[in-house]
Amino acid sequence: MTNNTKTALIAMSGGVDSSVAALLMQEQGYACVAVTMRLHDEGDSAAESARAVANKLGIPFHVLDLTKDFADEVIEAFVASYESGETPNPCINCNRALKFGRLLAYADKLNCDVLATGHYARTRYVAASERWQLLRASDAVKDQSYVLYGLTQAQLARVRFPLGDRAKSETRARAAEAGFANADAPDSQDICFVPDGDYGAFIARWRGAPPAPGDILDDRGQVIGQHKGMERYTIGQRKGLELAVGRPVYVTAKDPVRNTVTLGDEARLYHQGLLARAVNWVSIPPTIEPLRAQVKTSYRSPAVPATIQQREGGLLQVTFDAPIRAATPGQAVVAYDGDLVLAGATITSVF
């Protein structure tokens, strides 16, 4: 190893993606150091899986205890967002605050040059604009650029996504070739700290009390039933309403002030536009000029054509070419120009 060798801190979750990311960074000539974030009381299986891969690659391994940071900055924000009538995406907040915040600080502590993760996304530097850009992954099915829109220029300059040009099948094949025990491990699907998907029950445990019950309204404002906590509902929900009204109905609105949930026909889920807060211009400098873009309003939703424009007061206005279904306050809206991530923000309201 020469003095010119660069060092990479590898964020390892114990899964196949981050394991192969470590392998690829090592093959690129980096001196690698592995770290697993301990975020909550999930046991030691993830850390032990990551440690086994690190040992196989012959690289140092660390566990960074971020349980308090995760509780304060991710879980509490998640619960508060539900209580305010929104439907949050905690992975975005975790990426912003911990994976690319605390881990980069830890990289500095260990004198590492870059931070590599197993995300499916790509970056590039454009010398003409002196700006780093974030792009979709080559594998459209696995692309995770939506949850990475909060990255800053300083973070993008030091982050590496070695899986960005690969398909998931290639990742698993490399893991099997390398003899990693997690090569065939299933992908995680749910929020890591709510593995059963019962957000209402989790919030009740977190607060130490069940959510307050309230009225269920029809689209004329008439009381038609009682709910067991507004936090148990999300915009567009149809299943689990436990209320028969003689026709298909959906959650169309939540009012945290009155603690009400409104049900209505599916047509009421469609809106022409939205406003979003906390805008981050990723790949281009901030602008107040209207821009044409393709826009996603949830991780799984398709990108649809729209016009975006930052308004006075900092809100991002998104006007869709055609009304879209169930754009939900608390979720992220991310705008693209082809593969290029232009900007992202948190949905505040719809119109």
Side-chain angles (χ1 to χ4, degrees), residues 1-37 46-64 95 98-128 130-139 142-145 148 151-183 185 283 339 341:
M1 185 181 300
T2 70
N3 292 334
N4 293 326
T5 301
K6 289 188 175 295
T7 304
L9 182 67
I10 316 296
M12 296 186 66
S13 65
V16 64
D17 294 329
S18 57
S19 299
V20 174
L23 172 66
L24 295 176
M25 292 299 286
Q26 192 177 60
E27 290 179 348
Q28 291 174 28
Y30 283 88
C32 296
V33 179
V35 61
T36 292
M37 298 185 297
E48 290 310 308
S49 177
R51 187 190 301 275
V53 172
N55 289 342
K56 196 169 190 64
L57 295 176
I59 62 178
F61 178 76
H62 300 258
V63 175
L64 182 61
N95 283 335
L98 303 187
K99 287 182 182 175
F100 302 103
R102 300 296 191 281
L103 278 191
L104 273 174
Y106 194 63
D108 289 336
K109 182 178 179 180
L110 298 181
N111 296 314
C112 294
D113 299 290
V114 298
L115 169 67
T117 78
H119 287 98
Y120 286 83
R122 295 176 292 156
T123 63
R124 69 184 177 201
Y125 181 70
V126 180
E130 297 183 336
R131 196 168 183 91
W132 283 87
Q133 296 182 335
L134 175 67
L135 299 97
R136 297 180 196 262
S138 296
D139 184 346
K142 289 298 296 179
D143 173 54
Q144 293 173 297
S145 59
L148 298 171
L151 289 172
T152 66
Q153 284 293 298
Q155 291 168 336
L156 284 169
R158 296 186 62 195
V159 169
R160 301 293 182 268
F161 301 126
L163 303 184
D165 288 315
R166 291 174 175 265
K168 183 60 180 262
S169 58
E170 295 178 80
T171 299
R172 290 197 183 280
R174 283 308 309 271
E177 180 184 301
F180 295 162
N182 59 15
S283 302
D339 285 343
V341 180

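The analysis underlying the following values was restricted to heavy atoms, covering all of them including side chains, and did not include hydrogens, waters or symmetry mates. All figures in this text were calculated on a predicted structure; none of them were measured in a lab. Residue indices begin at 1 and follow the sequence shown.
- Residue pairs satisfying the side chain to side chain donor-acceptor pair (under 3.5 Å) criterion with at least one member in residues 107-116, sequence neighbours excluded, are listed as follows: Asp108-Arg158.
- Annotation for Ser49 and Asn182: closest pair OG-ND2, 3.8 Å, computed over non-hydrogen atoms.
- Minimum interatomic distance between Ala8 and Cys112 (heavy atoms only, all atoms of both residues): C-SG, 4.3 Å.
- Not counting sequence neighbours, the partners of Asp339 by the salt bridge (charged side-chain N to carboxylate O under 4.0 Å, His left out) test are Arg122, Arg136.
- Nearest heavy-atom pair across Cys32 and Ala22 is SG-O, 4.1 Å.
- Here the side chains of Thr36 and Arg51 are not in contact, with every heavy-atom distance at 4.5 Å or above.
- Residues Leu148 and Leu134 come closest through the heavy atom pair O-CD2, 3.6 Å.
- With sequence neighbours left out, Phe100 forms a ring pair (Phe, Tyr, Trp, His ring centres under 6.0 Å) with His119.
- Partners of Arg124 by salt bridge (charged side-chain N to carboxylate O under 4.0 Å, His left out), not counting sequence neighbours: none found.
- Annotation for Ser19 and Phe180: closest pair O-CE1, 3.7 Å, computed over non-hydrogen atoms.
- Side-chain contact between Gln26 and Ile59: present, with at least one pair of heavy atoms (C-beta onward) separated by less than 4.5 Å.
- A distance-only check finds a donor-acceptor pair linking the side chain of Gln153 to the backbone of Trp132 [under 3.5 Å].
- Counting only distance, with no hydrogens or angles, the side chain of Ser145 and the backbone of Leu135 share no donor-acceptor pair below 3.5 Å.
- Remark: Ala116 engages Ile10, Met25, Arg160, Pro162 in a side chain to side chain contact (heavy atoms under 4.5 Å, CB included) (not counting sequence neighbours).
- Annotation: the span from Thr5 atom OG1 to Tyr30 atom OH amounts to 11.0 Å, rounded to 0.5 Å.
- For the side-chain hydrogen bond (donor to acceptor under 3.5 Å, both in side chains) test, no residue two or more places apart in sequence or in another chain qualifies with Asn95.
- Checked against side-chain hydrogen bond (donor to acceptor under 3.5 Å, both in side chains), Thr123 has no partners two or more places apart in sequence or in another chain.
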Cut-off 3.5 Å, no hydrogens considered: what does the side-chain donor-acceptor table look like for residues 170-178, sequence neighbours left out?
from, atom 1, to, atom 2, distance (Å)
Glu170, OE2, Ala167, N, 2.9
Thr171, OG1, Tyr120, OH, 2.8
Thr171, OG1, Ala167, O, 3.4
Arg172, NH1, Ala183, O, 2.7
Arg172, NH1, Ala185, O, 2.9
Arg172, NH2, Ala185, O, 2.9
Arg172, NH2, Asp187, OD1, 3.3
Arg174, NH1, Glu27, OE1, 3.4
Arg174, NH2, Glu27, OE2, 2.6

Does Met37 form a side-chain contact (heavy atoms from CB on, under 4.5 Å) with Leu103? I'd like the steps, not just the answer.
CA-CA 8 Å; Met37 298 185 297; Leu103 278 191; 3.7 Å; yes
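- Residues passing the side-chain hydrogen bond (donor to acceptor under 3.5 Å, both in side chains) test with Ser13, sequence neighbours excluded: Ser18.
- Using a 4.5 Å heavy-atom threshold, the side chains of Tyr125 and Gln133 count as separate.
- At least one side-chain heavy atom of Val16 sits under 4.5 Å from a side-chain heavy atom of Lys168.
- For the pair Leu163 and Ala21, the tightest heavy-atom approach, listed with the atom from each and the gap, is CD2-N, 4.2 Å.
- Side-chain atoms of Ser138 and Arg166, non-hydrogen and from C-beta on, never get closer than 4.5 Å to each other.
- Not a single side-chain hydrogen bond (donor to acceptor under 3.5 Å, both in side chains) links Asp139 to another residue, sequence neighbours left out.
- For residues 52-63, the pairs satisfying side chain to side chain donor-acceptor pair (under 3.5 Å) are His62-Tyr106, with sequence neighbours left out.
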